[in-house]
Amino acid sequence: MAEIMPHIRLSVGQAAPYALLPGDPARLDRIAPYLSDVQELAYNREYRSIKGLYHGVPVMAVSTGIGGASAAIAVEELSRIGVRGMIRIGSCGALRKGIGLGDLILVNGAVRDDGASSSYVDSKYPAIPDTELLIACMDSAKALGARTHVGIARSHDSFYIDHEEEICAYWSGKGVLGSDMETAAVFVTGGLRGVKTASILNTVVEYQEELSEQINSYTDGESAMMRGEQLEILTALDAFVRLNQSES
């Protein structure tokens, strides 16, 4: 009998070669309509999973919850059941003026300001995506007409630490485009385990705007942020199709 992973509750026979990694389990309900032959697989803690086909390519979506530690667990356990390509599709706060709500940040490197990636390897180890998968995301986003920015993100561990405003200003001044909580852990864990990873972040807070005001409008189905979510899902799925074609 195939071993079932302790957290994601999946085994080798349930794996697809590629997986989307949203944070919110509810986001799987918004991914499923783009897939055919959808199967609900498991739901344990923050880890909910589905599998289906996108243009004939088998893909999974597995939620990771909030933070780098749980994201790293998902990457670890998915890699152990045979998933070889993973794209984080999440939200972020912009750290630069001119990045609007619903704009996508395609991350080409992450500041490792988190604990999870540091627990794996010295901070000198880079948090970077797989080049081929990043290029596939860039090509897919362009074909979809998404408004995108390619650059560095900062991954951190809390929204509510003291001096958060000063910290954001510091990294903004260093050219960092946005901040999330998972990308660095996904990149580092994937790099160490030989998994191709990428990260697409949907902007839900503009730089120097009030977090609570913009987060509260995120559920508005007509909003630019929801359109950004749709585009990041499609960009990631199309990137997997491109990757599958190159691997065939």
Side-chain angles (χ1 to χ4, degrees), residues 8 16-35 38 46-52 54-55 57 59-68 70-72 74-75 78 83 85-94 99 101-108 110 127 129-130 133-144 146-151 153 155 177-187 189-190 195-205 215 218-219 223-243:
I8 63 173
Y18 312 114
L20 303 178
L21 302 179
D24 184 359
R27 196 168 296 152
L28 270 65
D29 293 328
R30 301 192 290 274
I31 294 170
Y34 296 108
L35 308 178
V38 177
E46 61 265 56
Y47 303 106
R48 179 186 173 197
S49 53
I50 61 173
K51 182 168 69 172
Y54 182 76
H55 292 185
V57 177
V59 297
M60 308 174 71
V62 181
S63 59
T64 67
I66 296 176
S70 59
V75 174
L78 287 168
V83 181
M86 306 179 200
I87 301 177
R88 163 162 162 70
I89 51 168
S91 57
C92 73
I99 300 177
L101 298 179
D103 286 8
L104 303 184
I105 296 176
L106 307 181
V107 185
N108 65 10
D130 174 78
L133 192 51
L134 172 60
I135 292 172
C137 290
M138 292 168 64
D139 290 343
S140 296
K142 182 177 180 180
L144 288 164
R147 180 176 164 86
T148 61
H149 310 265
V150 180
S155 293
L177 300 186
S179 60
D180 80 335
M181 301 181 72
E182 295 83 12
T183 294
V186 169
F187 284 175
T189 310
V195 175
K196 294 181 177 182
T197 60
S199 179
I200 305 171
L201 303 178
N202 174 32
T203 303
V204 300
V205 181
I215 287 292
Y218 187 51
T219 56
S223 70
M225 293 179 285
M226 291 304 295
R227 177 60 178 159
E229 181 184 87
Q230 293 166 359
L231 285 170
E232 72 176 347
I233 292 169
L234 288 170
T235 295
L237 290 171
D238 285 348
F240 283 145
V241 172
R242 293 172 189 268
L243 181 62

Test log, rule side chain to side chain contact (heavy atoms under 4.5 Å, CB included), inputs Asp103 and His149: CA-CA 8 Å; Asp103 286 8; His149 310 265; 2.8 Å; yes

Ignoring hydrogens and angles, tell me if any N or O in the side chain of Glu182 forms a donor-acceptor pair with the backbone of Gly68 under 3.5 Å. no

So do the side chains of Val59 and Leu20 get within less than 4.5 Å of each other, counting heavy atoms only? no

Compare every heavy atom of Leu201 with every heavy atom of Ser91, then report the nearest pair and how far apart it is. O-CD2, 4.2 Å

Testing the basics here: between Ser140 and Thr235, what is the closest heavy-atom pair and its distance to 0.1 Å? CB-O, 3.5 Å

So how far is it from Leu237 CG to His55 NE2, rounded to the nearest 0.5 Å? 8.5 Å

Give a yes or no answer on whether the side chain of Asn202 reaches the backbone of Met225 with a donor-acceptor pair at less than 3.5 Å. yes

Does Ser70 offer a backbone N or O that forms a donor-acceptor pair with the side chain of Tyr47 under 3.5 Å? yes

Ignoring hydrogens and angles, tell me if any N or O in the side chain of Arg48 forms a donor-acceptor pair with the backbone of Pro25 under 3.5 Å. yes

So, do Ile50 and Leu35 sit near enough that their side-chain heavy atoms are less than 4.5 Å apart? yes

Evaluate the side-chain proximity of Tyr54 to Asp238: yes if any heavy-atom separation is below 4.5 Å, no if none is. yes

Would you call Ile89 and Ile31 a side-chain contact if the rule is heavy atoms closer than 4.5 Å? yes

Ile105 and Thr148, any side-chain heavy atoms less than 4.5 Å apart: no

Write down the atom of Leu133, the atom of Thr197, and the distance for their closest heavy-atom approach. CD2-C, 3.7 Å

With a 4.5 Å cut-off on side-chain heavy atoms, are Ile135 and Asp139 touching? yes

Rounded to the nearest 0.5 Å, what separates atom CG in Leu243 from atom NZ in Lys196? 5.0 Å

Indicate yes or no for a side-chain donor-acceptor contact from Thr64 to the backbone of Leu21 under 3.5 Å, with no hydrogens or angles considered. no

Greater than 12 external heavy atoms within 6.0 Å of Ile66's CD1: no

Would you name the heavy atoms of Cys137 and Ala198 that are closest together and state the gap between them? SG-CB, 4.0 Å

Distance col, row Leu134:CG vs Ile87:CD1, nearest 0.5 angstrom, shows 9.5 Å

Using a 3.5 Å distance criterion without hydrogens, assess whether the side chain of Ser63 forms a donor-acceptor pair with backbone atoms of Glu46. yes

Working to the nearest 0.5 Å, report the span between CG of Leu28 and OG of Ser49. 7.5 Å

For a quick test of reading the model, state the closest non-hydrogen atom pair linking Ala185 to Thr189 and the distance between them. O-OG1, 2.7 Å

So Phe187 and Val75, do their side chains get closer than 4.5 Å, heavy atoms only? no

Which value, rounded to the nearest 0.5 Å, describes the distance between Leu78 atom CG and Ile8 atom CD1? 4.0 Å

Separation between CD (Glu229) and CG (Leu104), nearest 0.5 Å, reads 11.0 Å

Just so I know, are the side chains of Pro129 and Val107 near enough to count as touching, which here means a heavy-atom distance under 4.5 Å? no

What is the minimum heavy-atom distance between Val205 and Leu101, and which atoms define it? N-CD2, 3.8 Å

